[in-house]
Every structure is written in structure tokens, then in C-alpha cells.
Amino acid sequence: MTGPGRLLLISLLASACDPFHTGFDDLEGAVSYRSTQRKATPDAARPLRVMNYNVKFGGGRLDFFFDCFGERVLMQRHEVLGNLERLAEKINELDPDVLVVQEVDVNSKRAAYIDQMQWLLDHTRLAYGVYASQWKADYVPSDGLGAIDSGNGILAKYPLRDAQRIALALRSEQSSIERYFYLKRNVLRARLDVPGKQATFVVAVHADAYSKDGTKREHIDRFKLELDTLAERGNIVVGVGDLNTLPPGSEQQHGFPDSVCENDEFVADDYRPEAEWLSPLYRDYSAEIPLDTYQADNSRYFSHTVDKNGFWNRKLDYIFTNAAVVPGSGRVHQAGEDGGLDTMLLSDHAPVTVELELP
Amino acid sequence: MSLRGWAGALALLLFAGSARSEPSGSTRVPPAVPIWSGDHALTLPPRRVELALFGSSRYGLSGLELSLHPITFFALPQLELKGSPFAWQPSHVSALRVRVSYPTLFLGLVSREGAGGLLPKTSAPPQAVQVEGDFLVTALLGDVLRHGYRHLATATLGLAIAPRASYAPSALPLLDFPFLYQRFAALYTWGVPRFSLGVTGPLWQDRLFYEAKARYYLMPDLPDVGTAFALEPSLALEYRFNRSIAASLELKGSLARYAYGTRLHVLPFADLRVGF
């Protein structure tokens, strides 16, 4: 068979096996990005500021159907751009050297098909990016979602190399057709080249939110395994993610006031069985907010709520590292501290930052 | 396009449907008529009924063929009429095909929460009528005197328009589900021109038949996309047990440009036809 004929046949077979193109390999290269304009690499002498932010696909505080506060499914282009501009303003205000984002959309109907990775690179001081999709389909035939491509991203002022997407376990409690169209989560790993510093790997994850079959724990354990493996090889690791569970010793573990969904599919309201799931991470790594600091005052470090009219009521977002954390540098930006932009209206998560001393 | 513009386009389609020509040396009576319907300019013999399990069902009138889809009719009311007002030529025959449908009901049904929601449940599809017209020319190939027409090669040229009430973009997001995308695109633009090429004929003992065709849709000025296209190739094999029963397998493809890129989707299709 000739080249074009073989290509057509392969395309047909691939299309027939995965008709809506939702699948991933167990291990595949991540998508690389560069800012449109070249930016100068900053001085590596100062501490590395790392920021973690679940940006909710630029949806701001519109009331989406899955939050059960409203019925919104799709956004208009001007709405997405308006929300992205506020996110970029906050990012520039906090000025991270490395930004890890969850729920960043690059080609989704719900976000007017704006490539948010590229947009953020072009509207912040960050220059390099890598992206790994965790939800991709030419069409999700449910709720009017349509085409989707959403996932985890790492953006940095320094070059990112050897980025890989590592597939995480799928939920077993769903039917095969649900699973086919559902999120396929990942660990995104990339090497950060900071001039004159030891090899540093950034590992990003967004663990499952709603599973009740242990999938979330598998995701957290796999994330830690990746950190452990890289650390054992002598690397500096920075593990960043929305782990969708609470720190050990959290005072409130269920019955959150913003849990208004009646559909079990979107309820994540009872963390009691997960009380110790993060203990190994806290035991083996330094956290942006030390555990005893958090346990002394939970509410100061809450980073999530689905109710924009309430206040942050749980901590789901973390940064773990084997590098030295600058004491007291970890912060959860729950409001417009120091006169900055109020974070409550930017996303359903608050950004988290920390400063690290790289050897 | 204004209401006057839509009315003008509709009048043009209807006028084309009523046009006739009778060149010298031609005949109104085909020397051999295929007993089964198809995507060609020939029509079913008068009073022949053809029922399909999944596809459209048809009825032959004198020089006309009526078609509707009984399964989807109550969700997507539609009627198709194919007629050959032109004279038969020894080498080819021409026909016009007009299809009128009411898509508003279907769009409302798929605007729903949960599985099967192709559009958000907050969508409010406008009142609309979709009118599709195609001009078909079929070349008659083969030994007419001994076997009738052995193979039919068909070219079509058509246009879909959808006169509709005005609506806000959020009331009807683009329905870009593969295969439906090109069929409902007229609702979002002034019209969707399309053309196709196809060939059909027997493969083995007048029992096993093939059909290969490709249809191209041009979809100008779609929201989020701009000008897009869709190319639908298909390949079908049909076994005709006798004059009354036929079973087919088909592989359809849709290569189309969407807002998120150009994608190929494949749809296997099986059907059973009963004719009498």
C-alpha cells in the first residue's frame, strides 16, 4: 500500500477505535509552549517563587452547572478574556518564577476555544510552558459541553525540558461509556533549568475529586512515588497540585456549607475516610504551609470554596518539596492582601505561593 | 440574510424544481429502472414501497420519489421529494431533490442536561425551516440492451438554507457534533453549498452491490470557526436477496474543520431494506 493510502487506513482504524479522540498513552511527551515575545531569564540568585493555582478554565465565578449554583455550561469569548485578564493581573502581582495551573483549557468549547496556556504566557512575565491534557474529547455528548481539552500546566521564567505526561488510574466505578468521555488525569513532570542550580523537577498533579473507589488515593500515591523516585536520584523536586483532599488534623472534614449538589456525581463533601492520605507527603517533604502551622489555624490556609458569596472553607492546594523552604514564605492568597486583586472572584481556588532556596 | 433574502432563495429552489426540458431524441420512459432507491437521479417505480430499518423509507410515484425517515420523523419532521422532470438521455438522466425539515424540535430535544445533551439545556433554538435542494446528474454506464444499466455514476450540486427567526449566539451554540455538524450548519449561516460524486453498481451476480461516494460541504461564516468544510466519504456493500429484501453494511467518514481543528470521524452503519 502506498504512503497516503497507508496513512488513510491508519487514520480510519484509529478513528474507529477512539472515535472522539479521548485516549492517551501511559507515558507521552507533554505539549511545549513559548511566550510569543522572548523574555529575559531572571537572576537565579534570589529564592525561587513557586505558585500553585487552579484557574477553573478562566470561568471566574460564573455559576456553572457542576457547582449546582447555576446552569452555565459555555462562556462567551469576552467573558473568558475578562476572567483571564484578572488572573494574569493576579499572577503578575505575585510574580512567580514557576506557576503550576490546574484546569487550564487550551481548546475547549466552554472557554470559547482560547488557548489559555499561550494566553497566560503572553500576558505574564512567564516565558516557558508545558501542558498535559486531563480531559480531551472532540465532543462530550453530555450537558452540551462539546469539544474539550483541559489539563495541567507548568509555566516558568526558566526553560522547561523533558516534559512528560504520566497517565494516572481511571475511575473503576463508571460505566465504560462514561469512562470513555470522562477525565483522564495525569502527573505532569518537567525539568526546570535554573542557571547554576541543581537539577530541579517540577511535578504537577490534579487528583480525582469525586471518586469513591480509591482512585483519588491512587493518584496521590502515584504523585508521591514520582517525587520519591526523582528525589532518590539526587534531584530537587517541587511537587505541586490540587490534591482534592484535606491535610491531616483538619477540624472540619464534612458537612461544608457550600455543598449544595444533590447529584452524587458532583459531591465532594466528606473527607473523613481520607484523613491521613497526605501524611506520607508531610512526613517526607516540606510543605508550603508546615502541618503544625496549618493545624494551629486551619481557616487561614483554606484555598477552596464553590460559593463565591461565602469564604474559603477547605485546603485542597499544596506545594511539597525537598528543597529548603524560606521560613514563613508560604501563603494562601485568600483576598486582596497588600492592596492586590481580590482572589475570591477569580476562581474557585485561591492561589498558593512559597519561596524556595535551590542548592 | 433578511427574510426577503430567504424567500428569494426558497423561490429559486422551487423554480428550479419546476423547470423542465425536453430535448429532441430523448424519452420520458427509462428503458430500465433500478428496483432499489439510491443516491442517484433515478426514482423508484410507481407504487413501489421501500421500508428501511434505520435509513429513510421511500415511495415511488410516476417520475417522483417520496422519502421520509419514520424513526426520526417525530423528533425531526422532514419530507423529501425527488423527481426527474428532465428528459432521459441515452447516456444520462437528471433529477432534482428537495428536502424540507423542521429542525427546531430536534434541537430542543438535544438541549438537555446529562447524557445526550448535545447543546446546553439553557439553549433556546429559534423557529426554523431547513430547505435543501440538489440537482443530480447520473451517467448510465454499461450494456443497456442486454443488462440494463450496470453502473450509475452520479454527481450532485446543492444548497441548504434555513430561514429562521433571529436569535442570540448564546441561544443556539454551534452544533458541531460530527456528522450532524454539516447537516445543521445552515442554521448558523446564509447557506451551505454542497456537491457529491458517487458510483454504484453490481459486484457479483446482481446480488452484491457496491456504492462509493463522497460529499463535500462548504460552511461559510460559522460562529467560532469561520469558513469550514466537511468531506464525507462512504463505502457500502449491499446484498440483495431478491426484489424484496436487501441488507447493507456501510462505513461513513467525516473529515471536517471544527473550531478545535480538523478531525476525521468514522461511523459504521448497517441497514435492512424491504421493498414491495
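Lettering follows sequence order; numbering is per chain, from 1. Only heavy atoms go into these numbers, but all of them, side chains included; no hydrogens, no water, no symmetry mates. Fair warning: this is a prediction, and the values are worked out from it, not measured in the lab.
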More than 12 heavy atoms of other residues, nucleotides or ligands under 6.0 Å from CG of A:Leu27: yes or no? yes

Enter the distance from A:Leu145:CG to B:Leu118:CG here, rounded to the nearest 0.5 Å. 11.0 Å

Can you check whether B:Gly114's main-chain N or O pairs, donor with acceptor, with A:Asp143's side chain at less than 3.5 Å? yes

Enter the distance from A:Arg72:CZ to B:Ser170:OG here, rounded to the nearest 0.5 Å. 8.0 Å

Which atoms of A:Gln76 are under 4.5 Å from chain B, going by heavy atoms: the side chain, the backbone, both sets, or neither? side chain

Measure B:Arg263 against the heavy atoms of chain A and call it side chain, backbone, both or neither at under 4.5 Å. side chain

Nearest heavy-atom pair of A:Ser142 and B:Ala115: which atoms, and what distance? OG-N, 3.7 Å

Are any of the side-chain heavy atoms of A:Asp138 and B:Phe177 separated by less than 4.5 Å? no

Close side-chain approach of A:Tyr139 and B:Leu175, heavy atoms under 4.5 Å: yes

Taking atom OH of B:Tyr260 and atom NE2 of A:His21, what is their separation to the nearest 0.5 Å? 8.5 Å

Cationic N near anionic O, under 4.0 Å, A:Lys109 to B:Asp176: yes

Nearest heavy atoms of A:Asn107 and B:Ala259, plus distance in Å: OD1-O, 4.1 Å

Evaluate the ring planes of B:His265 and A:Phe20, with Trp represented by its six-membered ring, and classify them as parallel (under 30°), tilted (30 to 60°) or perpendicular (over 60°). tilted

Max heavy-atom pair count under 4.5 Å with chain A, selected residue of B:Gly117, B:Pro169, B:Ser123, B:Pro173: B:Gly117

